[in-house]
Amino acid sequence: MYDIDQVRAQFPILSREINGKPLVYLDNGASAQKPQVVIDAITRGYAEEYSNVHRGLHTLSTIATEKYEGVREVVRRFLNAPSQDEIVFNTGTTEGINMIAYGWAMPRMEAGDEIVLSIMEHHANIVPWHFLRERQGVVIKWVETDANGDLDPQAVIDAIGPKTKLVAVTHMSNVLGTVVDVKAICDGARAKGVPVLVDGSQAAVHQPVDVQEIGCDFYAITGHKLYGPSGSGAIFVKRERMAEMRPFMGGGDMIDQVTRDEITYNVPPMKFEAGTPSIVSTIGMGVAIDWMMDLGMEAIAAHERSLRDHAVARLGGLNWLNLQGRSAGKGAIFSFTIEGGAHAHDISTVLDKKGIAVRAGTHCAMPLMQHLGVGATCRASFGLYNTPAEVDRLVEALELCHDLFG
Ligand code: PLP
């Protein structure tokens, strides 16, 4: 039984007021709030257990190293990866995808080679590929969503040609909540011998993920959306792909030997983690993921499905609200505008006055916004602590916006 009051009680920030109103936090797609266990882990990490990792033989370094390295097994379990050695820590998905772009794709791609992307990727899964386009003539092939904002996996598979070296696709859209059938894409791509990178930044927050079942080569997650600290993240890299990958950054910790004329590398995954890492943030991410797994990813998903259904019913009843790309099976992420031309920033300002936090803008997904033909939208993105009553507060505030601007 999912005890929402007990869940909410663990997030200190949820009891604060914003502009004299109880906070309704609906900006989880951008970043999630932190439960007390994570806040305590960060405090303890600095107050009692801080030292650099992998470097010292003293007690504090040993504690910090054990805790930091222990997170690999947590992430492995979370993603059901075959081995902890296939988990590379980073500061978030942006770094994870850049690592693949520079370390794996760049050395293997030449002018005319193709990478297949969906139109609804976040800029983190677009801009690194534009770098390859600018620098070495790689061609980006876009696969569009249909009128409902859904992505046909077969269309992605059909876009794979003899020059395609990688498919990079989100598991869940941060704008529309579309859940992509990444398993079907991976099956089709594998049959054509093309690796697949899945951006799991949103999906892993809302549903169980099994990278072995999906069959992907790379799967990126970001700690701050998983109720953990910012500056933490991880990427699953299949063993075979890791063997093909070059380090993207050089520095301490990722080497075995350095002489004047030569270097040899540490074993993976350390080979891909140069310099002092985000020690305490990574430890905090491990605590957050453990906490989510204790709550149960199926239970979280079920709670959010019922929130989504309530939101679909309530928001769907506002005939002046333009909901972008809704169809069955989407997650609890809603992007909308109000008829009459009110700017998303104005709507968000009114909502803020009512204590409701949403995001307004283009959501780091400009190609999708161009495809949808909208300038900016408001986005309400729900998380594991939101309630149906908060959906109702959003609807009430939107009605006020409609009265003001409609
Ligand atoms: N991919 C998706 C789908 C996202 O929603 C985000 C963040 O909003 C990112 C990638 C980038 O994550 P980060 O900024 O944590 O690196």
Side-chain angles (χ1 to χ4, degrees), residues 25-34 38 75 79 88-102 115 117-131 143 145 149 151 167-180 182 185 196-207 209 214 216 218-236 248-249 277-278 281-282 284-285 288-289 304 324-325 330-335 357-369 371-372 376-383:
Y25 189 76
L26 302 180
D27 197 16
N28 297 284
S31 203
Q33 301 298 346
K34 319 303 171 201
V38 170
V75 175
L79 299 178
V88 181
F89 291 140
N90 51 41
T91 55
T93 293
T94 301
E95 186 184 330
I97 296 177
N98 273 276
M99 182 184 86
I100 305 306
Y102 285 103
I115 167 153
L117 301 182
S118 92
I119 198 71
M120 65 183 168
E121 299 311 310
H122 185 281
H123 294 166
N125 196 24
I126 296 176
V127 180
W129 311 118
H130 268 296
F131 287 173
V143 181
T145 51
L151 185 70
V167 173
V169 68
T170 191
H171 196 175
M172 180 189 268
S173 160
N174 64 312
V175 180
L176 304 175
T178 308
V179 180
V180 175
V182 286
I185 292 174
V196 180
L197 180 156
V198 179
D199 176 354
S201 306
Q202 297 288 341
V205 184
H206 305 291
Q207 63 186 60
V209 170
I214 294 170
C216 56
F218 309 98
Y219 194 97
I221 58 172
T222 194
H224 67 99
K225 295 188 206 285
L226 291 161
Y227 307 94
S230 57
S232 64
I235 187 160
F236 159 74
F248 140 62
M249 286 205 295
S278 298
S281 294
T282 303
M285 173 176 74
I289 291 176
E304 293 184 0
Q324 298 297 324
K330 287 202 163 64
I333 299 178
F334 298 86
S335 285
V358 296
R359 179 159 175 192
T362 50
H363 316 295
C364 296
M366 285 185 182
L368 175 63
M369 305 301 275
H371 172 63
L372 295 172
T377 65
C378 277
R379 179 188 68 184
S381 50
F382 291 80

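Counting starts at 1 for both ligands and their atoms, following the listed order. Bear in mind the structure is a predicted one, so any value in this text is a computation, not a measurement.
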> Should the ring pair Tyr102 and Phe131 be called parallel, tilted or perpendicular, given that the plane angle runs from 0 to 90° and is split at 30 and 60?
Replying inline: tilted

> Asn28 side chain to Ser381 main-chain N or O, any donor-acceptor pair under 3.5 Å?
Replying inline: yes

>> Holding to ring pair (Phe, Tyr, Trp, His ring centres under 6.0 Å), I want the full list of residues that pass it with His206, two or more places apart in sequence or in another chain.
In response: none

> For the side chain of Asp199 and the backbone of Val169, is there at least one donor-acceptor N/O pair under 3.5 Å apart?
Replying inline: no

>> Suppose we screen for salt bridge (Lys or Arg N to Asp or Glu O under 4.0 Å). Which residues come up paired with Arg379, at least two apart in sequence or across chains?
In response: Asp27

>> Just to verify, what does Phe89 make a ring pair (Phe, Tyr, Trp, His ring centres under 6.0 Å) with, not counting sequence neighbours?
In response: Tyr68

Give one line per pair: atom of ligand 1, protein atom, distance. Only N/O to N/O under 3.5 Å.
from: ligand 1; atom 1: 1 (N); to: Asp199; atom 2: OD1; distance (Å): 3.4
from: ligand 1; atom 1: 1 (N); to: Asp199; atom 2: OD2; distance (Å): 2.5
from: ligand 1; atom 1: 1 (N); to: Ser201; atom 2: OG; distance (Å): 3.2
from: ligand 1; atom 1: 5 (O); to: Gln202; atom 2: NE2; distance (Å): 2.7
from: ligand 1; atom 1: 8 (O); to: His122; atom 2: NE2; distance (Å): 3.2
from: ligand 1; atom 1: 8 (O); to: Lys225; atom 2: NZ; distance (Å): 2.4
from: ligand 1; atom 1: 15 (O); to: Thr222; atom 2: OG1; distance (Å): 2.6
from: ligand 1; atom 1: 15 (O); to: His224; atom 2: NE2; distance (Å): 2.7
from: ligand 1; atom 1: 16 (O); to: Thr93; atom 2: N; distance (Å): 3.3
from: ligand 1; atom 1: 16 (O); to: Thr94; atom 2: N; distance (Å): 2.8
from: ligand 1; atom 1: 16 (O); to: Thr94; atom 2: OG1; distance (Å): 2.6

